[in-house]
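Working notes, beginning with the structure itself.
Atoms considered below: every heavy atom in the structure, side chains included; atoms not considered: hydrogens, waters and symmetry mates.
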Amino acid sequence: MKGVVNTKYLLFVLCCVTAVSSVGQDCAINRATDLFTRETRLSSGFIELSGAAVTIDADKKEVDILFAFKTNRCFDDGCTATIYFTGTKSKLLLRNAGTMNCEGLFHFIFRNAATVNYQLKKLATAKISHIVFTDRDQKIFPVNLEEPMQARFMQAVDCVSKEAVKLIQ
């Protein structure tokens with residue numbers, strides 16, 4: 001009788017471990033240690049969008065969402081991105097937080113804190129229909145997110161932002 005109970009307990013534990021590990025597999029985060037500072041840096045890797053690619057990186061100081069356009073665009077700190085969410089009239093306006101460049105790089109940078117920033121939570125939980133970027137010459141560049149792109153982007157923001165909080169603890 002005791003062997004049957006131990007076997008059932010072992011199967012239960014095995015099922016729980018399998019369930020927990022399968023949840024962890026959804027978050028594919030690359031971890032790297034800086035050679036000089038010895039600090040951990042997280043990255044989602046690049047996710048392809050229509051006309052651009054995005055990566056979400058984090059360290060103990062900040063969470064950086066970097067959009068890299070396939071064609072060169074000039075951006076400075078006066079450039080904006082308006083994010084439109086699916087099924088709602090709400091939108092989010094963010095400025096380029098990166099340096100002036102003509103390589104087509106646009107950054108959203110959020111301070112890493114003990115709790116996840118509200119705007120970062122919104123990006124992780126609400127589907128984005130499209131983002132309209134405005135460059136230095138006031139030219140508009142829309143980036144549409146199809147259903148699979150929406151899910152991958154939301155998952156990457158969620159995973160990296162949750163893991164980033166752990167870096168400062």
Side-chain angles (χ1 to χ4, degrees), residues 26-32 34 36-37 39-168:
D26 291 343
C27 288
I29 299 174
N30 303 320
R31 290 180 174 271
D34 187 283
F36 299 105
T37 63
E39 293 181 1
T40 302
R41 184 136 181 95
L42 307 172
S43 178
S44 66
F46 278 97
I47 300 167
E48 289 295 320
L49 305 175
S50 61
V54 64
T55 183
I56 299 92
D57 299 330
D59 58 24
K60 72 178 191 178
K61 295 178 186 169
E62 63 189 22
V63 176
D64 181 3
I65 301 177
L66 168 66
F67 289 87
F69 285 86
K70 295 183 181 182
T71 57
N72 291 344
R73 309 271 185 239
C74 291
F75 295 110
D76 59 23
D77 61 356
C79 297
T80 61
T82 306
I83 302 168
Y84 294 88
F85 296 98
T86 303
T88 180
K89 291 183 180 180
S90 73
K91 58 186 175 181
L92 184 61
L93 178 70
L94 297 171
R95 291 199 174 281
N96 179 29
T99 59
M100 196 288 287
N101 71 84
C102 287
E103 289 82 39
L105 303 176
F106 194 104
H107 294 264
F108 301 153
I109 297 178
F110 303 94
R111 190 173 141 252
N112 194 5
T115 59
V116 178
N117 175 298
Y118 167 77
Q119 294 169 326
L120 211 48
K121 273 187 192 176
K122 178 91 173 168
L123 295 174
T125 58
K127 289 184 179 180
I128 298 171
S129 63
H130 61 286
I131 306 171
V132 178
F133 293 89
T134 305
D135 73 0
R136 191 173 65 184
D137 299 325
Q138 300 304 309
K139 290 183 183 171
I140 295 173
F141 302 98
V143 174
N144 297 317
L145 279 77
E146 302 298 325
E147 185 68 34
M149 293 175 199
Q150 292 171 344
R152 286 193 63 211
F153 180 75
M154 287 172 48
Q155 180 183 16
V157 172
D158 186 50
C159 291
V160 172
S161 62
K162 284 181 180 174
E163 285 298 312
V165 169
K166 295 176 186 176
L167 294 176
I168 59 173

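Closest approach of A126 and F85 over heavy atoms only: CB-CD2, 3.6 Å. Residue L167 comes nearest to R31 through the heavy atom pair CD2-NH1, 4.4 Å, listed as atom of the first residue, atom of the second, then distance. Of all the heavy atoms in C74 and C79, the pair that sits closest is O-SG, 4.2 Å. The shortest heavy-atom contact between A114 and I168 is N-CD1, 3.3 Å. A68 approaches L105 most closely through the heavy-atom pair CB-CD2, 3.8 Å. Listed here is the closest heavy atom pair of A156 and I56: CB-CD1, 3.7 Å.
Residue pairs satisfying the side-chain hydrogen bond (donor to acceptor under 3.5 Å, both in side chains) criterion with at least one member in residues 91-114, sequence neighbours excluded, are listed as follows: D64-H107.
Checked for salt-bridge contact, K61 and E39 miss the test: no charged N lies under 4.0 Å from a carboxylate O. Classification of K70 and E48 as a salt-bridged pair holds, one side-chain N sitting under 4.0 Å from a carboxylate O.
Annotation for K121: atom NZ does not count as buried by contact number, only 12 or fewer foreign heavy atoms lying within 6.0 Å. Applying the 6.0 Å contact sphere to NZ of K122 captures more than 12 heavy atoms from other residues, nucleotides or ligands.
Screening V165, D158, V160 against K162 for a side chain to side chain contact (heavy atoms under 4.5 Å, CB included) leaves a single residue, D158. Results of the side chain to side chain contact (heavy atoms under 4.5 Å, CB included) test with R41 over D34, N30, D57 single out D57 as the only residue that passes. For the pairing with V157, the side chain to side chain contact (heavy atoms under 4.5 Å, CB included) check across L120, T125, I128 returns one residue only, L120.
A distance of 13.0 Å separates CG of L42 from NZ of K60, quoted to the nearest 0.5 Å. Within the model, atoms CD1 of I131 and CZ of F67 stand 3.5 Å from one another, a figure rounded to the nearest 0.5 Å. Of the inter-residue distances, the one linking I47 atom CD1 with M154 atom CE reads 12.0 Å to the nearest 0.5 angstrom. Between the CZ atom of F75 and the CZ atom of R136 there is a distance of 10.5 Å, given to the nearest 0.5 Å.
Between S44 and R152 there is no side-chain heavy-atom pair separated by less than 4.5 Å. Using a 4.5 Å heavy-atom cutoff, the side chains of F106 and L94 are not in contact.
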**Request:** Any chance you could lay out the side-chain contact (heavy atoms from CB on, under 4.5 Å) test for K166 and E163, step after step, and finish with the verdict?
**Result:** CA-CA 5 Å; K166 295 176 186 176; E163 285 298 312; 3.0 Å; yes

**L92 vs F108, side-chain contact (heavy atoms from CB on, under 4.5 Å): CA-CA, chis, key distance, verdict** = CA-CA 12 Å; L92 184 61; F108 301 153; over 6 Å; no

**Asked** Where do S50 and H130 land on the side-chain contact (heavy atoms from CB on, under 4.5 Å) test, with the steps shown first?
**Response** CA-CA 10 Å; S50 61; H130 61 286; over 6 Å; no

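The main-chain N or O of K139 is never found under 3.5 Å from a side-chain atom of D137 such that the two would form a donor-acceptor pair. Using modelled atom types, one side-chain atom of S129 and one backbone atom of Y84 make a donor-acceptor pair closer than 3.5 Å.
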